[in-house]
Each structure stands twice: as structure tokens, then as C-alpha cells.
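Got a structure for you, written out below as C-alpha cells; questions coming shortly.
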Amino acid sequence: MNKTSALLLYEQGAWHGGFFRVTNTIMSQIQQQHTITVLVENHAGVLARVAGLFARRGYNIDSLAVSVTDRPEISRMTIVVNGDHRVLEQITKQLNKLVEVLKVVDYTETASVERDLALIKVNAEPHHRGELMQIVEIFRGRIIDMSDKTFVIEVTGGTDKLDKIIHLLEPYGIREMVRTGIIAMARGAKTATRSGRDMD
Amino acid sequence: MQLSGAQILLECLKREGVSHIFGYPGGAVLPIYDAIFDCKDIKHILVRHEQGAAHMADGFARSTGKVGVCLATSGPGATNLVTGIATAYMDSIPMVAITGQVRTSAIGKDAFQEADITGITMPITKHNRLVKRVEDLPQALAEAFYIARTGRPGPTLVDIPLDVSRNLMEFDVNRDYPQQVNIPSYRPAGPTARVPDVQVRKAAQLIAEAERPVLYVGGGAIASGAQAEVTALAERTNILVTTTLLGKGAIDETHPLSIGMLGMHGTAYANHATNGADLLIAVGARFDDRVTGNVEKFATGARIIHIDIDPAEIGKVIQPDVPIVGDVKAILAELLKIVQPRPATAWNDQILEWKERFPLIYPNDGKLYAEYAIETVNEMFDYQAIMATDVGQHQMWAAQHFKCKRPRQWVTSGGLGTMGYGLPAAIGVQFANPDKRVVCLSGDGSFQMCTQELMTAAVYGLPVITIVINNRSLGMVRQWQEMFYEERYSQVDLQASPDFVKLAEAYGGVGMRATTREELRDALAKAIEVTDRPVVIDCVIPTKENVYPMIPSGQSIKEMMLRQDLEQVKASVHADAEQWSFADEERVLEQYVEAVHSAGSEDASGG
């Protein structure tokens, strides 16, 4: 069910008091992609715990990026998951139950910047190089390696942007591609790693 | 003083107040056992299989509320604990499992008796840790105990490599053992945490508005020690209380406001009450599938207050109208301050009428049945025995007929449903409660999964009384095959079993057999006299006995099968037959299942 039909039901008056569970079922069917940031203690095995949790509770990870943060004792995972409202709530709560998880932030509803980086090895025959360089230019990417037959293109951006350039490069023949997965950060002064008393 | 990791371990356990360790030695724990050799303050119980050690620690914990401790060597020792750890995890039982590991330099090399036990137990522990340096050991142990017993309790595991328990370190437990544990990423709610009073007020409001309220109480009430509060709330508001399998004892089950267990094999009246309620107050319960059946059809007219210490339980299965996260006891205490007294209403009468109409019954033909055995235990032990059970039909009969006067009198594997749990759990209970009588109710299937622990009971002179409900089959599976697989009895026949009387004697215990009601009473009377060794009573019951009521898996109260209905069908089939035969019984069941199914499908097509 998409959002519109849920709203339609709402307007038709299906969402009144005693039928909370019904309304919730409707809410829960709105699938959405969520970018969540998980701050964890920088211990061995934490990634396995988080990944294991997703696996055994049946949640699918679309992308996962892990790195150190400005605080060496804390690692930051950015996870993109697909799910409805209830699934996300469960994921968040279950993640919070892991002893080494410090904080879970869902960036879906907040203003945030998201970036993904891709390296794309694409066929670059001499007569195509001009076109390719134009495409790279338009997407503000860079050609970081070149051989007699190929380019390696580096490009960063949101998921959509990367999807688009990949789509445009496909006709030339993509030989290899790798993406880092989304990383995200809230806009403005707010921070994930230093706000909140539990982080002090 | 310079102490080895093993000595430090024992010092820390002492500091945690550990009185018993259930364990089994092996190569990777040799330094620990060498330290145990000198240890006077902690009693080590040598089991016969590590699974037994885990269940004993679990039984010890369930009957006391303290943290149970088990110890095993690396590799197979550790993996043998797995079932016991998973059992404790599913039922939120505080337990610390300590395992040996191969020396740190050998980890990852597929060394002899190496198993990645922290990896294996990751999904079945609340937390676990491989300790790579002796310097980290005190902190790791303090955290393990702290995590196991706080918040929603659960098992933790500390994996200690051979060299870590051998290495020396300057250690003074008074100085170096953490007095307080502070884990920034772990902030459990506790008895002293602030209670969300807005939510509590909303709950009181819903209770005041409700016409048909029911209290649905689970293991969380036992874990937080809230029997007094549950009872007070029930009495103040005259709300009848149904408990889950793990919630048994959260209210005195002989109390007039107690309506027994709900769910798949719950009482018909508890299920009717839940189904007809307009307010369900879930207290430390998690809407397990054995309770709800088909969630879409569960308590459809009820608003829901859900009180639980684990935020992840809120909305996991059912979205409550008023969630209250925190310690059950503390929340109920707050609720009691503001909740309006309510008189008993027509709704109470309605439930009591259901109780009259659909009592728990079993054939009154003078033969020996499990239900009779359980009621006799109630009576002969004056409702004071602690009962541990295994898993299967006998467990459900016990859940229905065993009456708890108080919490922690009922020890059973609920979530995981672990056959083989009963006897070792009962042994753990007996160690923790040397002055109480402990009855293990088992089945001929379950009993054979951990029989070896009879030896442990014999060696330590424990008078655990095991009643083996012997129907010469895997009864619960047989019941499902009978009902849902057209009586195609596949691999459930246990006629080939050892002679349980001789088996008990072989282990140095007392064995008795009961085939009639009188024999059972005699055997129990004799068993009560035995105080220094285990007793096994082989309680022989008919094979084709089923557990009723039953709501088939994933269905609703509409499909509930009652013994009363079965008896009616029986009466019609046998209207002019003097004697029963098995063939008759099959015809009866066929008709009965058909009747129930057609009732169910009509409903499905109508709704």
C-alpha cells in the first residue's frame, strides 16, 4: 500500500480511536528507505553483532559503511535499510539492546547530507574518451586512472546521482564497480557523536 | 598479591556472592580447576554433561533470582552449554557461563578443542566477551554479572583462554574489583529508575474506563519480584488475573482472582476472558505466539496497556495503546497509588461462569492420569513443593494443574521448550533450596534427554523426586500427528525405553512404579520419606491422552478444542457401546476434529 491510499483511508474515517491496531497496520505498510547511523564502542566483534542482529531478525541491509569517528573509542556505522515504520522501530530498539551500541539515529526525517563514493572502471576506447570526460565533468567526478582501454572514474554523491552516472556509463561497458555505501551526517550544528548526556 | 587469572576469577565470583558453580573440567580450564581445588567458599558441582551444568545454573537462578553460574572447557564443553544458554536467553534468566578457550596464540588456528564460542553464542546471550588479557578479566566479570542481572535479565558468557587463566597479575579483590559497573552504552531501567508518570496516569484512566479488563501477567513480574503488587492491583480493582507459562506464581493460583494460564493450552475461561476483554493489561509479558495464536484475531476488542522493562517488546507483536517501559514492580507500585478501586462487576461473574462451565477436567474413570499425579503433588506437599518440568504434554498438564502459591515455585523452559531441562534444573533448584522439596515432572521422552544427571543428584545426595509421566510415546508430537497429520504416527513410539525403576536404582536412587492412583499416592508417600537420594517414580498413563483445551497453532479461540466437547462426541459415538476400543476412540477424534474444523472454517469465511 502506498502513502496515498493510506491517507485516503484516513480521510474515510478508518482511523478512529478504538481501531489503533488497524491504523497501525496501515502505517506499517508504508515501505521506505531509511538511513540510520549507529554509534558503537570500537571493540572487536561489534560489526558481527550488528550484522548478526540484522540477519537473524530478518532485516535486509541495503548498504553498510563502518569507520572510525572523531572519538577513537567510538565507531560509526551508517546502514541503509528498507522497511516500514514498525520494522524500523524494531530495528532501532533491537540495536539499542546490544550492549556495545551507544546510539542509533534515523536520518530519514531529519535534514541531513548523504554521500556515497563509487569507483567505476569503464571501457574507454580512444573515440569515446571525449564523451566520457564530459559525463564525468557534468557529474563532478574525476578520472583517477587511465589505461589504453579503460578509465577508472571516481564520483561521489547521493545514491540517485551515482545511479544516474552508472546508467550513463553502462553503454560503454562497465568492467568493475565498487561503492562505499552511504554515509550520512545531520545538517547544522547538531552532532551524533557529541550530543546527549550519554556521550559525555 | 600476585594471582593467576584462575584465582582472580574465583575471587571475583566470591565477591559476586556466588555459592555454587556447576561445571565440568577439561584441558582449557585446568588452571581454573586447579584453583577450585583450593577454593573453600564456592561449592563446585561436578555434573555429568555440560548441558546439565547450564540447566542447573538456570534452575538455581529461577528459584532464587540470583545469577546462576556454569563452567565448561573450550570446544565441546562450551558447545554443550549452548542449549542451556539459549534456554536461559529465551526466558530472560540471569546466568553467567564461563568457558575455557585455547591459549590466545592458538585462537583462529583450529587448535584442539577450539570453538568460537563467543561467535556461536552471540545471538543467544545478552552479551559475551572473549578476554584476551588477564588485566581485563576483573572488569569483564563485573560487567558479565552486572549485565546478566540488570534490566531484562539474561545469560552472559565470558570466554577465558588458557594462558589468561594461567597468567599472573597483582590483584586485590577489595581494591581492584570494580565496585560499580558503568557501561556508557548500557543503561537499563531498574527498580530505582524514574517511572513515566504520564503513562501511568493514562493506564489508570484506561482501567477506570474499562468494563471488561483482564490482567495478563508474564515472567517479567516474577523477574522483578512483583507478586505483592500484582495481587494488590488485582484486589484493588477486582480484575481477574491470567498468567503466562512463565508468569505462574505472579499471583497465588489458589486466589479467587486467579484464572490460570492463557494461550494454546490455557484454560478456556482465561482465553474467553482475554478474547472478550475491552482492556488487556499486559505486565511483563511479550505476546508470544503460544499466547496469542493468530495475532489478528487476538483480543480484538481490547485496548492494551503494555508494561515491560524491554522497550523492544513494545510494539514487537502488538502495538499497545499505553506502553509503559520500566521495572514492573516500580510501575505497579506507582499505578497502585492512583488507580481507582473497582467493585467486582458482571464481567467478573461472566468469567466465573465460564470457569464453572469449562473447568479443567480429565477422565473420571479411576485410572491414573498425569493430571491426577500433579494434583496429588499439590496436595501431598501442601502446595509447598517447587516444581521443575520438562517439555511436552506433561508440562502443559502441570501448567494447568500445578498451583503456585508464590513466585519462583515453578521452573520450566518456556520460550525455547527444551526437552531434558527438567531434571538438571530441579537439581539446581535443590542446591539453592536445600530445605524445600523439589519435584521434577518429566516425560518418558524428556527424561531420557538428560538422565545422566541422576548421577549428580545421587552423588550429592539430593532428594529430587522425578515423576516420569510415561505414556510410552512422544506425547505432544503424537497429539499433533493425531490431530493434524491424520494419525500418521511418525517416529513417536517410545515403547522401547529403559526400565525407569531399575535405571534409578542403577544410579543409586530409589525407583518406584505407579500404574494406579493408589500406587502413585503410596509411591509419593514413600518418596517424601527419602531425604538423601533421588527418587524416580515411573507414572504409567494411557498413551492416547491429549492436552485440552487446545487452540491449534496460529488460530484463535474460535478453534479452541475442549475436553467437554470431546466427551460429548464420545458419548454420542458410544451411546450404545459398553466397552471402548481404540477404533472407537479414533472415530471419536475424527468427528471431533471435523466438528472443530468446520466451526473454524465457517468463521473464517464469514469474517
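Numbered from 1 within each chain, the chains take letters A, B, ... in sequence-line order.
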CZ (R140(A)) with more than 12 external heavy atoms under 6.0 Å: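 No, because the 6.0 Å sphere around CZ of R140(A) holds 12 heavy atoms or fewer from other groups.
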Answer with side chain, backbone, both or neither: which region of L130(B) has an atom nearer than 4.5 Å to a non-hydrogen atom of chain A?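 For L130(B), no heavy atom lies under 4.5 Å from chain A.
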For V101(A), which atoms come within 4.5 Å of any heavy atom of chain B: side chain, backbone, both, or neither?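 Just its backbone gets close to chain B.
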Mind checking the CZ-CG spacing from R187(B) to L102(A)? Nearest 0.5 Å is all I need.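 With rounding to 0.5 Å, CZ (R187(B)) is 9.5 Å from CG (L102(A)).
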Heavy-atom contact with chain A under 4.5 Å, split by part of K126(B):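 Contact with chain A is through the backbone of K126(B) alone.
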Spell out, as yes or no, whether a donor-acceptor pair under 3.5 Å connects the side chain of K103(A) to the backbone of S185(B).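 It does not hold such a pair.
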Applying side chain to side chain donor-acceptor pair (under 3.5 Å), name anything that partners N294(B), two or more places apart in sequence or on another chain.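 Once residues adjacent in sequence are excluded, N294(B) has no partner under the side chain to side chain donor-acceptor pair (under 3.5 Å) criterion.
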Is there side-chain contact between K316(B) and R86(A), with at least one heavy-atom pair below 4.5 Å?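 No, side chains not in contact.
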What do you reckon, is NZ of K121(A) surrounded by more than 12 foreign heavy atoms closer than 6.0 Å?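 For K121(A), atom NZ is not crowded (no more than 12 foreign heavy atoms under 6.0 Å).
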Atom group of N128(B) that falls short of 4.5 Å from chain A, counting heavy atoms: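 Both parts, backbone and side chain.
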Heavy-atom neighbours of E137(A) CD exceed 12 at 6.0 Å: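 No, CD of E137(A) has 12 or fewer neighbouring heavy atoms, counting only those of other groups under 6.0 Å.
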May I ask you to check whether over 12 heavy atoms, not counting those of K164(A), lie within 6.0 Å of atom NZ?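 No, the 6.0 Å shell around NZ holds no more than 12 heavy atoms from other groups.
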Would you call L53(A) and M122(B) a side-chain contact if the rule is heavy atoms closer than 4.5 Å?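 L53(A) vs M122(B): side chains apart.
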Any idea which of Q94(A), E89(A), Q90(A) has the most non-hydrogen atom pairs under 4.5 angstrom with chain B?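 Most heavy-atom pairs under 4.5 Å with chain B: Q90(A).
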Any ring pair (Phe, Tyr, Trp, His ring centres under 6.0 Å) pairs touching residues 115-138 of chain B, not counting sequence neighbours?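 Residue pairs passing ring pair (Phe, Tyr, Trp, His ring centres under 6.0 Å), neighbours aside: none found.
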What residues of residues 41-52 of chain A sit under 4.5 Å from chain B when only non-hydrogen atoms are counted?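 Checking residues 41-52 of chain A against chain B gives E41(A), G45(A), A48(A), R49(A).
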Checking R142(A) now: which residues fulfil salt bridge (Lys or Arg N to Asp or Glu O under 4.0 Å) with it, not counting sequence neighbours?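 With sequence neighbours excluded, R142(A) shows a salt bridge (Lys or Arg N to Asp or Glu O under 4.0 Å) to E154(A), given in chain and number order.
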D310(B) and K93(A): CA distance, side-chain angles, deciding distance, side chain to side chain contact (heavy atoms under 4.5 Å, CB included) verdict: CA-CA 9 Å; D310(B) 181 358; K93(A) 286 173 169 176; over 6 Å; no
Contact class of D278(B) relative to chain A, heavy atoms under 4.5 angstrom: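 It is neither, since no heavy atom gets under 4.5 Å.
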